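Predicted model, so just to flag it, every value in this text is computed and none were measured. Numbered from 1 within each chain, the chains take letters A, B, ... in sequence-line order.
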2 protein chains.
Amino acid sequence: MDAASAAVAPKKPASIEGLLELARPDMAKVDALIRERMQSPVSVIPALAEHLVGGSAKRLRPLLTIAAARVAGAQDDACLKLAAAVEFIHTATLLHDDVVDSSQLRRGKVAAHLIWGAPASVLVGDFLFARAFELMVEAGSMAALEILARASRVIAEGEVLQLTRAHDLNLSQELYLEIIRAKTAELFAAAAEAGAVSAGASPAHCKALRKFGQDLGLAFQLVDDALDYSGESQELGKNPGDDFREGKATLPLLLAISRTGAAEKAFWDRVVGRREQADGDFERARELIRMSGADAATLDLAAEYAIRAKAQLADFAASNSWRPALEDLADFAVSRRM
Amino acid sequence: MDAASAAVAPKKPASIEGLLELARPDMAKVDALIRERMQSPVSVIPALAEHLVGGSAKRLRPLLTIAAARVAGAQDDACLKLAAAVEFIHTATLLHDDVVDSSQLRRGKVAAHLIWGAPASVLVGDFLFARAFELMVEAGSMAALEILARASRVIAEGEVLQLTRAHDLNLSQELYLEIIRAKTAELFAAAAEAGAVSAGASPAHCKALRKFGQDLGLAFQLVDDALDYSGESQELGKNPGDDFREGKATLPLLLAISRTGAAEKAFWDRVVGRREQADGDFERARELIRMSGADAATLDLAAEYAIRAKAQLADFAASNSWRPALEDLADFAVSRRM
């Protein structure tokens, strides 16, 4: 970790072992639900779904649904089906994203569309999306359905917005944040809010947990975008440089472009604007991002969002062991290397 | 119309003018809802959606939701949001299908993915699908949500099944019917059932209207598959021969293959099995389908399903003017030329 972000980030790499331990019984049930509901008599569907689900899925989003429900006092298992639904929505968007971005690697495996073809990935994504809504109907909460239907729509809007502005070197930091708020943070926000709602939490608690999820999601995506320039594929489970090769205008890139100025303008125009890339270009971009402090600034912003997320938990009893576990999750989002 | 199908089909081409007239006030509201809810601050979304919605959309599925609700006695407008949701689900599947099939023409216009690209078509499909669920949540019926979530999943299963069995010359008629029951008839069935449920119809009436929709959908798809070999692109709004070029094993083709036997086996193996097609192959297939009576047999089966559909309406009062209008719809599904 660089000096700048070490100032606000926790001293030692945060761990979510405590959260995982607390959530283990719930997550075992969620995992069983996921495996049960990805089944279909059409054999390609479970095969393709298993490829993703069986990978190194972190299951952060369903974990968030569970933790939000439990910290809000949920005693029953109403949150489990919603948690599985959240993971299905996420998996569906991954399948479609990988087709849209022509990604090669996902969760440490060859991307599904390269094995089964883009058509199967699109359609199995649709299957998982529909399954998510079937699970939500079973969960029986119209309020949770509203939250997750809206989130699904906002995610699609964010993805389209990113698609149309992908190669824009002049993208403002504001619009970049709007894109990641929609395409990533909205599902984190909805995952937490749906958990809270299913627990019968007060409107104030539902709002606080939604905001926790949103800020956590922003921190998570900012780190993701930084890792695309500094991570190793073995740890990431996907190739670093994917964003660069797609000419995706993420914050590390946008900051480096503004900081390196006229001297490197021709380079950025060529590799991002026109996506004419040659061997060594990624390494050069990586170096410019490191030298200009663009990666450190991105991680600093992530750390700020993690602090804001934790502040949302102030109104929950410190004696509820899910509260420190959620605080650890916010720290983990920033200090993670994968 | 050929002699064989004329025996069971209505004497003169059926018209749905009466149904359209009855449904005009409702459909105007549904249309306004559709246009309102396809809006988004992300401008590509309404532009792409308008391209499809502004085309020669027949709006048969939302029409079915309205008619089912009204024939079941609905006095309020609870069915309108469900009808718009049904059209959004349908439009989303069209967008994804055209990407999957690489279709060139849709609703009389160049397919959206050829203008905006496959990524935008996939993501705008996701947007419309999510919007459909937002509308269903607003409609407030958990029963209707269950019906349409299930239908969305069954449609995806049908599409994947078709994808994996597309070039199978030995596809049984049974499996072909299973595919079209899932990919097409299920949405017709769900559209009608959701309308009936929203009207508070009895379980028997809901079941009858669901079955009406299913049989109507089967008739509709059988005619669609026949028209792909006998229609004209100007009338169809899509290119005839699309199924043939994709090597899609539809009933006219499967019947022709079984009826033309050994003499033509090499031809079918080449053009469908291996999809090695040259100029004149489509015309030859068309001729073999006509000569073997495969198209007439397909239309006969469609006419049988239309008769079954109409039989489902027996328990509804003949004095309710929506009943004959629905009967006309079943006849229209068979006699239509577009």
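Taking the side chain as every heavy atom from C-beta outward, L95(B) and V99(B) never approach each other to under 4.5 Å. The closest side-chain heavy-atom distance from M38(A) to I45(A) is not below 4.5 Å. Within the 4.5 Å cutoff, no side-chain heavy atoms of V137(A) are placed close to those of M136(B). When side chains are defined from C-beta on, F127(A) does not count as touching V160(B), because their heavy atoms never get closer than 4.5 Å.
Both the backbone and the side chain of L161(B) come within less than 4.5 Å of a heavy atom in chain A. Heavy atoms of V42(B) lying under 4.5 Å from chain A belong exclusively to its side chain. Of the two parts of A118(B), neither the backbone nor the side chain holds a non-hydrogen atom closer than 4.5 Å to a non-hydrogen atom of chain A.
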Put together the list of donor-acceptor pairs under 3.5 Å connecting chain A with chain B, please.
unit_1	atom_1	unit_2	atom_2	d
S40(A)	OG	E157(B)	OE2	2.7
H96(A)	ND1	D126(B)	OD1	3.1
H96(A)	ND1	D126(B)	OD2	2.7
D126(A)	OD1	H96(B)	ND1	3.1
D126(A)	OD2	H96(B)	ND1	2.7
E134(A)	OE1	R153(B)	NE	2.8
E134(A)	OE2	R153(B)	NH2	3.1
R153(A)	NE	E134(B)	OE1	2.8
R153(A)	NH2	E134(B)	OE2	3.1
E157(A)	OE2	S40(B)	OG	2.7

Check against side chain to side chain contact (heavy atoms under 4.5 Å, CB included), F220(B) and L60(B) = CA-CA 10 Å; F220(B) 185 84; L60(B) 285 184; 3.2 Å; yes
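Considering every non-hydrogen atom in both G158(A) and A182(A), the closest pair reads CA-CB, 3.6 Å.
Classified by interplanar angle (parallel below 30°, tilted 30° to 60°, perpendicular above 60°), the ring pair F133(A)/F129(B) is perpendicular.
The most heavy-atom pairs under 4.5 Å with chain B, out of L145(A), V122(A), L123(A), come from L123(A). Ranked by non-hydrogen atom pairs under 4.5 Å with chain A, the options I89(B), L48(B), V44(B), V100(B) are led by V100(B).
Rounding to the nearest 0.5 Å gives a distance of 6.5 Å between CG of L222(B) and CG of L251(B).
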